[in-house]
Number of protein chains: 2
Amino acid sequence: MSLRHAVLGLLADRPASGYDLMKRFETSLSHAWPATQSQVYGELGKLAKAGMLEVAAEGPRGRKEYAITDEGRAELRQWLTEAPPETVRRSDALLRVFFLDHLTPLEAVAYLTGEAERAAHRHRHLEEVNDRIEWDDDALSVNGRLAMEYGLRFTAMREEWARWAAEQISASGGR
Amino acid sequence: MSLRHAVLGLLADRPASGYDLMKRFETSLSHAWPATQSQVYGELGKLAKAGMLEVAAEGPRGRKEYAITDEGRAELRQWLTEAPPETVRRSDALLRVFFLDHLTPLEAVAYLTGEAERAAHRHRHLEEVNDRIEWDDDALSVNGRLAMEYGLRFTAMREEWARWAAEQISASGGR
DNA sequence: TTTACCATGTAAGGCGTTACATGATTTA
DNA sequence: TAAATCATGTAACGCCTTACATGGTAAA
């Protein structure tokens with residue numbers, strides 16, 4: 001149920017239209033909480049109905065600019081501070097690991113090497129983005145840097161694990 | 001659409017009933033691909049209808065034991081080797097990071113410290129399980145060890161990141 | 001005989017994805 | 001005036017969660 005909080009969080013900075021929000025979902029939030037246009041417009045309607053948002057202004061082409069209400073801010077704060085233990089995660093990649101014995105050792109090693117390369121690729125991509133961004137000292141930049149660092153550490157860990165795992169298979173499968 | 005592959009993967013080892021599978025979902029797969037009883041029985045029906053499974057035996061209490069067919073094995077292999085890039089991940093925890101500036105620095109640090117502690121707790125839990133299990137040299141154990149190592153590395157990374165992030169906030173918020 | 005465990009299913013409702021549908025305004 | 005961009009919505013379908021519903025068998 002976090003789409004709701006993603007929308008509230010974005011609107012807590014400044015008012016925006018559904019169209020504006022989509023751009024932010026596609027950039028900053030794309031790796032944390034992706035959302036489609038369908039979902040965003042739907043959620044805006046629900047949140048407005050629930051009194052957590054209001055239409056602050058209407059513009060050309062039917063543009064509706066939404067602003068967060070006090071009620072919405074309260075909900076956002078409550079979510080942030082109450083910190084319910086994160087929901088269980090599904091991992092396609094980890095699931096495969098459990099079934100690697102249904103492949104030949106060679107195939108399994110190829111899969112794990114591929115995983116390592118995908119992680120490495122993603123890591124390099126993040127580094128490039130990181131180098132290009134000019135981080136300020138403002139609050140948004142501080143948060144952005146934290147998220148970036150998480151991504152960098154995650155992809156690095158992932159690559160190292162996959163290379164290690166490939167070696168394990170090579171070692172036990174080579175007997 | 002990986003529930004299907006999780007079921008096929010489990011049945012590729014040996015035939016089992018929906019009830020049997022549920023136990024395996026709750027233990028080994030619970031952190032990779034959780035599934036409910038509702039889902040499992042539903043998926044078994046679909047897979048049987050699609051010819052990827054067959055009812056190999058019927059037992060007391062209406063027990064139906066499913067076995068994977070050649071078609072099912074082909075599907076499993078194809079999924080394992082074709083390795084479509086993993087689906088995007090949603091992370092409740094990472095999403096919060098983007099909105100930490102809507103809390104006071106003290107509250108944000110408290111949140112991150114909590115995250116670190118949750119990760120540390122999970123890490124210790126995995127270590128205990130790891131110590132208790134007697135790993136063999138068979139295929140299942142090899143896979144299980146790979147998954148375990150992933151969990152250990154992931155939780156360790158997560159704790160370190162959260163402690164680092166808390167320090168960043170302390171440093172920039174303390175000005 | 002009661003309790004625990006084995007065993008399978010259906011229904012309702014929410015979330016997420018993809019595709020469809022429509023049109024106004026700005027820019028080249 | 002044609003193309004790009006802005007802008008909002010609906011519909012269908014599948015997956016996931018929660019709750020409900022039912023009953024047989026084995027062990028204490």
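It should be emphasised that the depicted structure is a prediction, and the values quoted were computed from it without experimental measurement. In what follows, chains carry the letters A, B, and so on, assigned in the order in which the sequence lines appear, proteins first and then strands, with residues in each chain numbered from 1.
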B/Leu11/B/Leu44 under side chain to side chain contact (heavy atoms under 4.5 Å, CB included): CA gap, chis, key distance, verdict: CA-CA 10 Å; B/Leu11 288 175; B/Leu44 284 170; 4.1 Å; yes
Stepwise side chain to side chain contact (heavy atoms under 4.5 Å, CB included) test for B/Arg63 and B/Ser17: CA-CA 7 Å; B/Arg63 174 187 175 94; B/Ser17 68; 3.3 Å; yes
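Residue B/Glu65 contributes atom CD, which lies 9 Å from atom P of C/dA7 at whole-angstrom precision. Atom-to-atom, CG of B/Leu47 to P of D/dG14 comes out at 15 Å; the value is rounded to the nearest Å. As rounded to whole Å, 17 Å separates atom P of C/dG23 from atom NZ of A/Lys64. Nucleotide C/dC6 holds its C1' atom 18 Å from the CZ atom of B/Arg24, rounded to whole Å. Atoms CD (B/Glu43) and C1' (D/dC15) sit 10 Å apart, rounded to a whole Å. Rounded to whole angstrom, the span from the CD atom of A/Gln39 across to the P atom of D/dT8 amounts to 16 Å. If you measure from atom CG of A/Leu53 to atom P of D/dT8, you get 13 Å, rounded to the nearest angstrom. Remark: P of C/dG9 and CZ of B/Arg63 are 13 Å apart, rounded to the nearest angstrom.
Judged purely by atom type and a 3.5 angstrom limit, B/Thr155 has no side-chain atom pairing as donor or acceptor with the backbone of B/Arg122.
Between B/Arg153 and B/Glu149 there is a salt bridge, since a side-chain N of the basic residue sits under 4.0 Å from a carboxylate O of the acidic one. Under a 4.0 Å N-O distance rule, the pair A/Arg4/A/Glu75 does not qualify as a salt bridge. Salt-bridge annotation for B/Arg124 and B/Glu127: absent, with no side-chain N of the basic residue lying under 4.0 Å from a carboxylate O of the acidic one.
Proximity of B/Tyr41 to the phosphate of C/dG9: no side-chain N or O atom is located under 4.0 Å from OP1 or OP2.
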Generate the contact string for nucleotides 20-28 of chain D. Rules: B means base contact, S means sugar-phosphate contact only, - means no protein heavy atom under 4.0 Å. ----BB---
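Taking only side-chain atoms of A/Ser38, from C-beta outward, the nucleotide of D/dT18, C/dT18, D/dT8 with the closest atom is C/dT18.
Under the 4.5 Å side-chain heavy-atom criterion for ILVMFWY residues, no single connected hydrophobic cluster contains both A/Leu146 and A/Leu126.
Against DNA chain C, the stretch residues 9-22 of chain B makes heavy-atom approaches under 4.0 Å through B/Ser17, B/Gly18, B/Tyr19.
Residue B/Arg90 is classed as a sugar-phosphate contact, given heavy-atom separations below 4.0 Å to backbone atoms only. Contact annotation for A/Lys46: backbone-only contact, meaning every heavy-atom pair under 4.0 Å involves sugar-phosphate atoms and none involves a base.
Nearest heavy atom pair, residue A/Arg163 against residue A/Ala116, reads NH1-CB, 3.5 Å.
You'll find the side chain of A/Lys46 stays beyond 4.5 Å of the side chain of A/Lys49, heavy atoms only.
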